[in-house]
J.: 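Quick one: the structure is below, and I'll ask about it shortly.
Letters A, B, ... are given to chains in the order of the sequence lines, protein chains preceding strands, and every chain is numbered from 1.
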Amino acid sequence: MAAIFADIADLLEIKGENAFKVRAYRRAGESIGHLAEDVAQVMHEGRLTDISGVGEGIARRIQELLMTGRLAYLEELRAEFPEGVRRLLEVPGIGPKTAGRLSKELGIGSFDGLETAIADGRVAALPRLGAKTAERLLAAIQATKRRDRRAPIGLAWPVAQELLVMVRRLPGVKEVSTGGSIRRMRETVGDVDIIGSSEDIDATLDAFLRSPGVASVIQRDTRRACALIAGGLEVELRLCAPPDFGVFLQRHTGSKDHNALLDDRAGEQGLRLTEEGVLRLSDGMLERFSTEEDLYRRLGLAFIPSELREGQGEIEAAASGSLSSPVKLVDIKGNLHTHTTWSDGLDSIEAMARGCQARGYQYVAITDHSGGLGVAHGLSTARVREQVAEIREVDRRLDGIRVLSGIEVDIRADGSLDLPDDLLAELDIVVASVHSAMGQDEDRMTRRLLQAMANPNVDIVGHPTCRIVGGREPIRLDLAAVLRAAVTTKTALEINAAPSRLDLKDDLVRRAREMGVKIAINTDAHNLDQLDFMHFGVAVARRGWCGAPDVLNAWPLDEVLAFARKF
DNA sequence: GCCGTTTTCGGCCCGACTGTTTTCAGTCG
């Protein structure tokens, strides 16, 4: 439904409709996409217009969609343009106006059609579109065609950390931070934004563009440099004067929605936010802020952590003082999903346990695969018992960390588990996960998960939706039913911190949390290095508004074990 | 099309850049 409203917004924009009407549809779509509950439920309870950005008109559209599965309005809009116009918007340099003219005047609705029209000169002949623009568009189409999709955070984040170190050493630099979507820890990023302050902006930008990591320069402005770095990631460095860093960083962290709402709030207070500072409309004075904390305070708000800045109620919460502190990496006391050489991991039980100890954890559960997963050398009943003996032995030998016995037991296609109940009952922690028959329909898949959760030995559902970021769609689930069952059966749902999974994803985490579901943030590490994935999972939990009390492995060990016993 | 302890009508973020113009429309972030 969110995609449908985004579709409508694009088409209205191409059509040249009132820009605010366009924005209304777009905002409504985003609200629905982030909704923490089922839209149908909201409709049945007559609360559609409670959704921010949804009024009478859009509520009617939602209703039509839910009742009939279709939307006449969208179909009419689509009929006005060649199919595929929206794709033209993906080409940098083509906005709604150009897309509208290309489709209306030349009947273009595809990249290929546009390429042909550029080649035979029809594009350059349009008023206000010269030969130079046509040439630029041709290059842009070709780039778009072979463009890699957004970079996964797992790839971009380490690069950003290296860039921060590099930029910090450049001449003139005072402060440096990531900005944009990478600072908000979205699961994918379009580019890596680095935001800094410098006493000599020109010199810093020059030095940046000359540094060895920079492969080619895309653009250089007075306060901004954009470059491709080795590996193909695009990096944008933006700089301001040191006294303005707070406002500058805030502006360039976004999100767009968050900033727009913050602008509204500033407007209500007779202020206007700019890149340089806060403009008092009463006397035209500019207030400058070197820290974000001071800026938010000036607007009467508690500080809003960057991961929460998506325009999804965080400003209201910060205003009313109800924004609770999100969980931090240092709150994490253990890791409840790890693999070793006993199944498909690369390091021993002892090595993984020591690795967790080195990361400051108080406990770790060793959870290798069960037998059904042939490819992963899953453990049979006999091998589980052998492994438990070794786990107990390592636990005795190591001081300062508790090593728990566990398993990642496979949930079979029929919902039964891959190991007998009496064996599972002997283990400290049981993670149950789906690894096969992922194409099942919603009904069957939901029953499969509910059956697994109903088993009192199951403590955590691993990677609950089985999605792969940029790779595999999530399994089909009645999520509301799964969340309800998680509460009643005292089963935690996992945030799998592996950056390729990040499953549950942020908006589902928020929904789960609101229903009182406990979350376990686990690395699912298959080697020592992957133990460092934890912070990605913590970021997802923060984006899902989880505090430490919501996170099972932020609890002391005795409470975790009590939860697992389901008292 | 949405929204409201300044408003139920009149607002809704904005500055920089680019190419095509000769003062500005369109795109981008």
J.: Expressed in whole Å, how much space separates the P atoms belonging to B:dT21 and B:dC2?
T.: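 Rounded to whole Å, the distance is 39 Å.
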J.: Would you say B:dA16 has OP1 or OP2 under 4.0 Å from some side-chain N or O of A:Thr222?
T.: no
J.: In whole Å, measure the gap between the P atoms of B:dG4 and B:dC13 for me.
T.: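 It works out to 14 Å between them.
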J.: Could you tell me whether A:Leu273 contacts a base, only the sugar-phosphate backbone, or nothing, with contacts defined as non-hydrogen atoms closer than 4.0 Å?
T.: nothing
J.: Establish, from distance only, whether the side-chain atoms of A:Arg183 and A:Thr253 form a donor-acceptor pair under 3.5 Å.
T.: yes
J.: Considering every strand shown, what is the Watson-Crick or G-U wobble mate of B:dT8 when both distances are under 3.5 Å?
T.: none
J.: Map A:Gln269 and A:Ile58 onto DNA chain B by nearest heavy atom, then report which one ends up closer to the 5' terminus.
T.: A:Ile58
J.: Are A:Thr523 and A:Gln530 linked by a side-chain donor-acceptor pair shorter than 3.5 Å?
T.: no
J.: Mind calculating the distance between CG (A:Leu262) and P (B:dC14) to the nearest angstrom?
T.: 13 Å
J.: If we ignore angles and hydrogens, is there a donor and acceptor under 3.5 Å between the side chains of A:Glu310 and A:His258?
T.: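 Their side chains do not contain a donor-acceptor pair, so the 3.5 Å distance test is not met.
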J.: Please give the distance between the P atoms of B:dT22 and B:dC17 as a whole number of Å.
T.: 23 Å
J.: Distances for protein N/O vs nucleotides 21-26 of chain B N/O pairs under 3.5 angstrom?
T.:
{"unit_1": "B:dG26", "atom_1": "O3'", "unit_2": "A:Thr98", "atom_2": "OG1", "d": "3.3"}

J.: Rounded to the nearest angstrom, tell me the gap between atom OH in A:Tyr25 and atom P in B:dC3.
T.: 13 Å
J.: Find the distance A:Phe5:CZ to B:dG1:C1' and express it as a whole number of Å.
T.: 11 Å
J.: Using a cut-off of less than 4.0 Å, is there contact between a side-chain N or O of A:Arg223 and OP1 or OP2 of B:dA16?
T.: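 So the side chain of A:Arg223 is outside the cut-off, no N or O lying under 4.0 Å from OP1 or OP2 of B:dA16.
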J.: So A:Asp257 and A:Arg27, salt bridge (charged side-chain N to carboxylate O under 4.0 Å, His left out) or not? Walk me through it.
T.: CA-CA 8 Å; A:Asp257 290 342; A:Arg27 237 171 73 74; over 6 Å; no
J.: Could you report the tightest heavy-atom contact between A:Arg513 and A:Ser324, atom names first, then the distance?
T.: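 Answer, listing the atom of A:Arg513 first, then A:Ser324: NH2-OG, 4.1 Å.
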J.: Using a 6.0 Å distance limit plus a 45 degree cone around the ring axis, check whether A:Arg61 lies over the aromatic ring of A:Tyr73.
T.: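 So A:Arg61 does make the cation-pi contact.
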J.: Search all heavy atoms of A:Ile332 against all heavy atoms of A:Met534 and return the closest pair with its distance.
T.: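 Taking A:Ile332 first and A:Met534 second, the nearest heavy atoms are CG2-CE, 3.8 Å.
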J.: Using a cut-off of 4.0 Å on non-hydrogen atoms, how would the nucleic acid contact of A:Ala131 be classed: base, sugar-phosphate, or nothing?
T.: sugar-phosphate
J.: In whole Å, I'd like the distance from the CG atom of A:Leu71 to the P atom of B:dG1.
T.: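 Distance, rounded to whole Å: 12 Å.
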J.: Considering all heavy atoms of both residues, which atom of A:Glu175 and which atom of A:Pro242 are nearest to each other, and what is their separation?
T.: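 Closest approach of A:Glu175 to A:Pro242, heavy atoms only: OE1-O, 4.4 Å.
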J.: Assign each of A:Ala134 and A:Leu89 to its nearest nucleotide of DNA chain B by heavy atoms, then name whichever residue's nucleotide is nearer the 5' end.
T.: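 That would be A:Ala134.
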J.: Roughly how many Å is it from CG in A:Leu237 to P in B:dG29, rounded to a whole number?
T.: 16 Å
J.: Between B:dT18 atom P and A:Glu135 atom CD, what is the distance in whole Å?
T.: 16 Å
J.: Has A:Arg272 got a side-chain N or O lying under 4.0 Å from the OP1 or OP2 atom of B:dG15?
T.: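 Yes, A:Arg272 has a side-chain N/O under 4.0 Å of OP1/OP2 on B:dG15.
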J.: What heavy-atom pair brings A:Val189 and A:Ala156 nearest, and what distance separates the two atoms?
T.: CG2-CB, 3.5 Å
J.: Please give, in whole Å, the distance from B:dC12 P to A:Asp264 CG?
T.: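 Result: 9 Å.
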J.: At 4.0 Å (heavy atoms only), tell me whether A:Glu56 reaches a base, stays on the sugar-phosphate, or touches nothing.
T.: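 Sugar-phosphate: the residue A:Glu56, judged by heavy atoms under 4.0 Å, touches backbone atoms but no base.
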J.: Classify the nucleic acid contact of A:Arg238 as base, sugar-phosphate or nothing, counting any heavy atom under 4.0 Å across all strands shown.
T.: sugar-phosphate
J.: Choose from B:dT20, B:dC12, B:dC2 the nucleotide whose nearest atom is closest to any side-chain atom of A:Thr133.
T.: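 Taking heavy atoms from C-beta onward, the closest nucleotide is B:dT20.
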J.: Could you tell me how far B:dG1 sits from B:dT8 if I compare only their C1' atoms? Round to whole Å.
T.: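 Nearest-Å result for B:dT8 against B:dG1 at atom C1': 14 Å.
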J.: Tell me the interatomic distance from A:Glu316, atom CD, to B:dC3, atom P, rounded to whole angstroms.
T.: 12 Å
J.: For A:Val54, which contact category applies under a 4.0 Å heavy-atom criterion: base, sugar-phosphate, or nothing?
T.: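 The answer is sugar-phosphate, as A:Val54 gets under 4.0 Å only of primed atoms, P, OP1 or OP2.
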J.: B:dT20 and B:dA25: how far apart are their C1' atoms, nearest whole angstrom?
T.: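 Roughly 9 Å separates the two C1' atoms.
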